[in-house]
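Below: the structure, in structure tokens.
Every value quoted in this text rests on a predicted model; they were computed, and no experiment measured them. To find a chain, count down the sequence lines: A is the first, B the second, and so on, and within it residues start at 1.
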Amino acid sequence: METPAKYNPAEVESKWYAWWMDHGFFHSEPDDREPYTVVIPPPNVTGVLHMGHMLNNTIQDVLVRRARMQGKNACWVPGTDHASIATEAKVVAKLAAEGIRKQDLTREQFVEHAWEWTRKHGGIILEQLKKLGASCDWERTGFTMNEGYSRSVIRVFVDLYRKGKIYRGVRMVNWDPQALTAVSDEEVIYKEQQGKLYYIRYAVKSGGVAVVATTRPETIMGDTAIAIHPGNPKTAHLKGKTVIVPLIGREIPVIEDEYVDREFGTGCLKVTPAHDINDYLLGEKHRLEVIDIFNDNGTLNERAQAYAGQDRFAARRQVEKDLAAAGLLEKVEDYTHKVGYSERTDVSIEPKLSTQWFVRMAELAAPALAAVENGDVQLYPPKFRNTYRHWMENIKDWCISRQLWWGHRIPAWYLPDGSFVVAENEAQALQLAREKTKNKSLTADSLQQDNDCLDTWFSSWLWPVSVFDPAVPGSGEEVDPNRDLQYYYPTSDLVTAPEILFFWVARMIIAGYEWAGGYPFRNVYLTGIVRDRLGRKMSKSLGNSPDPVALMNRYGADGVRMGMLLTSPAGNDLPFDEALCEQGRNFCNKIWNAFRLVKGWQPDENAVQPAASAQAVEWFRHAFRKALVEINDDFDKYRLSEALMKIYKLFWDDFCAWYLEIIKPKGGMDNATLDATLLFFDRLLRVLHPFMPFITEEIWQRLAERQPGESLMIALQPYANEFDETCLAHFEQLKNTVTAIRTLRQSKNIAPREPLELYVKGAFDENLFPVLQKIAHLSAIHPGRQPEGQNGHSFLTGAAEFFIPLGALLNVEEETKKLREDLAYQQKFVASVQQKLRNEKFVQHAPEPVVALERKKLSDGEARIKAIEEQLAALGG
RNA sequence: GGGAGCUUAGCGCAGCUGGUUUAGAGCAUCUGCCUUACAAGCAGAGGGUCGGGGGUUCGAAUCCCUCAGCUCCCACCA
């Protein structure tokens, strides 16, 4: 096989991905091995790959590939989420562009359009993941609207209903007037906004005036009271009075409640129970009338009298004008406040009373809270435990109905009398309805299924269960023990964004305990949020996200993977910078070139292994082992970027810059060294493979003859062995010595290969002399004191003294100055250590090893001072 | 308003239960090199009184208090 001079990622990546697929390496079936399972956080079915996905899926792939190479039965389940609001919004927009309005379609027609859209766009994102190298088991690709999956969702709903954990109720919900649906609290984004505070005069029936401050003057038509603080003298004169709502002339009472802030505005609060959550609570408490003045689309209704039909914002301006004209507007102040916006449509949320379905959460949440508290489920980084606890302890009931068509339709059927039954299907519903009404002649036609869909998260929370077992035991019926669920559940690691810790992670844990007998995953790795250079979150709306596919084309998938991982410790934000991908690409290039070098070495049967090579092999063996131990430790702690950085340095610095340079043959390559080198390369590729799957497979296949179907991705990770610290320390000193010599050459303008002589005195491993001689380009190494009467440069590494004769090259003055500086530094150091040791309290209180260490520092320092003084003397200084 | 976290070289970070660290890598920067694996490279160098102040201790980047700045989560004062 010829080795191309340039590494071509595009070609290599598509080649190996297809080959891996052909050989079924991604597919998993239960067997005797230990399972390692990951379920993908399913992206929106019509979504497009963004940087967040890149990060998230790279991390998952690293974990999965590594587990596979540890001999585990790795199974990474991919799939997509039907994402009801997001998808429905897209379909509505697409139809609108074609001149079709949703309200002109039947539910069935609309859903068919949505399916068509899903079939067309769904899966694009999965194809993009393949380009990244994701080793998912594509035969298990899931979808939250699959038949089996839908059945689980419905069963779970029915099960919860029967357990009394689902109820229907009138509640204040976050209404999205554009999507015409309620959205959950979590889907409301509060934005700081420049608004106005209007001071409005309400006439008091018995004479006088009450001034009320509000940001929403258009809601006065829904006012049913004015509230004051019972202990506020400023408003005491209003107690028990009746006031008249401006413009519409309705009479409303003044109520007293401690909720009212005496300091804010005028101390007088208008109460609009239908349009403000706090007012609603006040209204409930004081049994106030509730007057809803809005239509679902945000326009005002007939109860707003003259303003009926106007949009809420237009009405606000009109009301302001009319109030001003009537002399009822005392003043208007600028006011900054926060307004809730719908995450999906970005229109401002209207608090609205409506009948919705809710899940009672408190009891369900208890085991899920305990799971994280007692460590059954580990969060990485652990700081999220606090947030998790806080949320779970204050959990509120979950509004699960959405006024949408795309999604799982709520399995409730209304009877002619207005009551309802909940069942898995229409037939069962009919049966229940007949039993309930004792009317055997009731027909399906007389049942009307609820029009709403379930919140997307009501299906996502079953993901780790349902992808393995579509038939969740939800109805209380006996379900066949499921082979896959038993084997793969609970999953091992979940990798996701912290922003959906509550949306999704917490609810999956809840669902796991409720229906699958335990936690759904052992570890949760919460990734950072990918931001742009300005620190803004990358998002489609800002258009500040680079196109991942273009990035992969430019830097190779391996390069981008490395770029994503290098600086993304769990839970920290990742300010994305293309330079990181560049670094990744450069590393690929380095690996490729190292391979070209090694591949070019032909074994020479007659060549004898040089001493330097033997030493280098011995050293690198230990260096590799040590790095491996540290890398394994990093993995155990989910410190992937640190693990990667260690491999990066191991390969680039230790393997390429030191090891390969030392063993580079001048003539023929001996077998012993070559074999060792090929083995090292093989081991390095194994450790690298989870991070950079493509280039490692390409090189591994070229490194030796392989059997058909043999692949690095199913090879085993090396085992961590004992390593020799002494050997590593000796080599470290060697490196420092070489660096000192190179620095000397640079400062004296001595060419790198100009031979020099070296005198060594003191502790230095003589076995390393051949290595030192070779890479420092020395003509000779003399053990012993520097020769008398020669000018030269002296330096220290560790406890060894070195001398290099320089003759005329040496600038005595400069050298003396340098030595004096060094001397001063050492003296200061020794002085500080002496001071410490003179401190009786230190010697008494500090543990013995610490004191001994200080003593050693002192004696080493004194020895160095002595050596420097001798050198100065030799220079005649 | 409540809670959590962060602040260490130009940048993004590591430094775990205080003592082999008078602070560590990476990238960037500067200097010298086209040395037949690699200029997407090689060799070398510089750069931080660990946000400010106080305390505990023989000893603090590390523990405590306090101030300042930033971030996130929760709540949503009209």
Side-chain angles (χ1 to χ4, degrees), chain A residues 3 5-7 185 188 190 197-198 212-216 219 227 259-261 263-266 268-272 276-279 335 337-340 351 381 383-391 394 498-499 501-502 529 533 535 555 559 566-569 571-575 577 579-580 582-583 585-601 637 639 641-642 644-646 648-649 652-653 656-657 660-661 664 738-739 742-747 749 751-753 825 828-829 832-833 836 839-847 849-854 856-857:
Chain A
T3 310
K6 278 258 171 214
Y7 176 62
D185 292 344
V188 178
Y190 287 90
L197 192 59
Y198 302 85
V212 170
T214 178
T215 53
R216 301 201 58 190
T219 63
Y259 163 77
V260 179
D261 183 343
E263 304 306 318
F264 190 89
T266 57
C268 241
L269 170 69
K270 75 186 205 59
V271 184
T272 322
D276 182 281
I277 180 69
N278 293 301
D279 290 11
Y335 183 65
H337 62 142
K338 283 184 175 171
V339 180
K383 67 176 176 184
F384 285 109
R385 287 177 57 171
N386 292 330
T387 349
Y388 181 87
R389 186 192 319 117
H390 190 256
W391 193 75
N394 298 292
E499 52 204 5
L501 184 58
F502 308 124
I529 294 168
R533 281 207 192 92
Y555 301 104
L566 265 180
T567 58
S568 54
N572 275 25
D573 283 358
L574 168 60
D577 192 334
L580 297 169
E582 210 175 305
Q583 195 180 348
R585 180 203 55 186
N586 293 354
F587 187 43
C588 288
N589 200 357
K590 188 71 186 177
I591 301 168
W592 184 251
N593 281 304
F595 165 67
R596 285 208 300 142
L597 175 68
V598 171
K599 193 66 191 167
W601 290 335
K637 293 170 179 154
R639 296 156 67 136
S641 45
E642 295 202 11
L644 177 57
M645 182 49 71
K646 285 196 179 98
Y648 176 77
K649 286 196 280 188
W652 199 310
D653 299 338
C656 294
L660 291 180
E661 290 302 330
K664 223 181 231 180
V738 172
T739 300
R742 284 172 177 166
T743 310
L744 172 72
R745 288 178 185 274
Q746 178 123 336
S747 68
N749 251 319
R753 283 164 195 275
Y825 178 86
K828 199 177 143 201
F829 173 66
S832 80
V833 177
K836 211 173 196 182
N839 184 340
E840 275 175 40
K841 286 181 178 171
F842 170 72
V843 181
Q844 276 171 15
H845 293 280
V850 175
V851 179
L853 178 75
E854 290 302 315
K856 183 164 187 328
K857 276 185 185 173

Nearest to the side chain of A:W391 - B:rC38, B:rA14, B:rC74?
B:rC74

Nearest to the A:F264 side chain among B:rA78, B:rG26, B:rU20, which nucleotide is it?
B:rA78

Hey, can you tell me if A:Y335 and A:F264 have their rings parallel, tilted or perpendicular (30° and 60° cut-offs)?
perpendicular

Proximity to the side chain of A:F502 - top-ranked nucleotide from B:rG5, B:rC74, B:rA45
B:rC74

Look at the side chain of A:H390 and decide which nucleotide, out of B:rG2, B:rC38, B:rC58, has an atom nearest to it.
B:rG2

For A:T272, answer base if it contacts any base atom (sugar-phosphate contacts may also be present), sugar-phosphate if it contacts only those atoms, and nothing otherwise; contact means non-hydrogen atoms under 4.0 Å.
nothing

Between A:W652 and B:rA40, is there a contact of a side-chain N or O with OP1 or OP2 at under 4.0 Å?
no

Which listed nucleotide (B:rA40, B:rU20, B:rA37) is nearest to the side chain of A:L853?
B:rU20

Watson-Crick/G-U partner (both atom distances under 3.5 Å) of B:rC11
B:rG26

For A:W601, answer base if it contacts any base atom (sugar-phosphate contacts may also be present), sugar-phosphate if it contacts only those atoms, and nothing otherwise; contact means non-hydrogen atoms under 4.0 Å.
nothing

Taking any heavy-atom pair under 4.0 Å as a contact, classify A:P849: base, sugar-phosphate, or nothing.
nothing

Remember a base hit wins even if backbone is also touched, and classify A:D276 as base, sugar-phosphate or nothing at under 4.0 Å, heavy atoms.
sugar-phosphate

Which is true for A:Q746 with a 4.0 Å heavy-atom rule: it touches a base, it touches only sugar-phosphate, or it touches nothing?
base

Base, sugar-phosphate or nothing for A:F587? Non-hydrogen atoms, less than 4.0 Å.
nothing

How do A:R639 and A:R216 order along RNA chain B: which one's closest nucleotide is nearer the 5' end?
A:R639

Looking only at N and O atoms, is any donor in the side chain of A:E661 or the base of B:rA37 less than 3.5 Å from an acceptor on the other one?
yes

Nearest heavy atoms of A:C268 and A:V212, plus distance in Å:
O-CG1, 3.8 Å

Interatomic distance, A:I591 atom CD1 to A:N586 atom CG [nearest 0.5 angstrom]:
11.0 Å

Would you mind classifying the nucleic acid contact of A:R742 as base, sugar-phosphate or nothing, using non-hydrogen atoms under 4.0 angstrom?
sugar-phosphate

With heavy atoms under 4.0 Å as the rule, sort A:K856 into base, sugar-phosphate or nothing.
nothing

Side-chain atoms of A:D261 come closest, of B:rA78, B:rC73, B:rG44, to B:rA78

With a non-hydrogen cut-off below 4.0 angstrom, is A:A657 in contact with a base, only sugar-phosphate, or nothing?
sugar-phosphate

Students often get this wrong, so: under 4.0 angstrom with heavy atoms, is A:C656 touching a base, only sugar-phosphate, or nothing?
base

Picking from B:rG41, B:rG26, B:rA78, which would you name as closest to the side chain of A:V260?
B:rA78

Nearest-nucleotide check on RNA chain B, A:S832 vs A:K6; residue mapping nearer the 5' end is A:S832

Nearest-Å distance once atom C1' is located in both B:rU29 and B:rG46
9 Å

Test for a donor-acceptor pair under 3.5 Å between the base of B:rA37 and the side chain of A:N593, counting only N and O atoms.
no

Please determine whether a side-chain nitrogen or oxygen atom of A:Y335 lies at a distance below 4.0 Å from atom OP1 or OP2 of B:rA78.
yes

Does the ring of A:F829 meet both stacking tests against the six-membered base ring of B:rU22: centre distance under 5.5 Å and plane angle under 30°?
yes

Please measure how far the P atom in B:rU49 lies from the corresponding atom in B:rU56, and state the result in whole Å.
26 Å

Please tell me which of the listed nucleotides, B:rC38, B:rC58, B:rA45, lies nearest to the side chain of A:T739?
B:rA45

Checking only heavy atoms, does the side chain of A:E854 share a donor-acceptor pair with the base of B:rU20 at less than 3.5 Å?
no

Quick check: A:F595 with A:W592 (ring centres under 6.0 Å apart)?
yes

Using atom P of each nucleotide, how far apart are B:rG48 and B:rA25 to the nearest Å?
15 Å

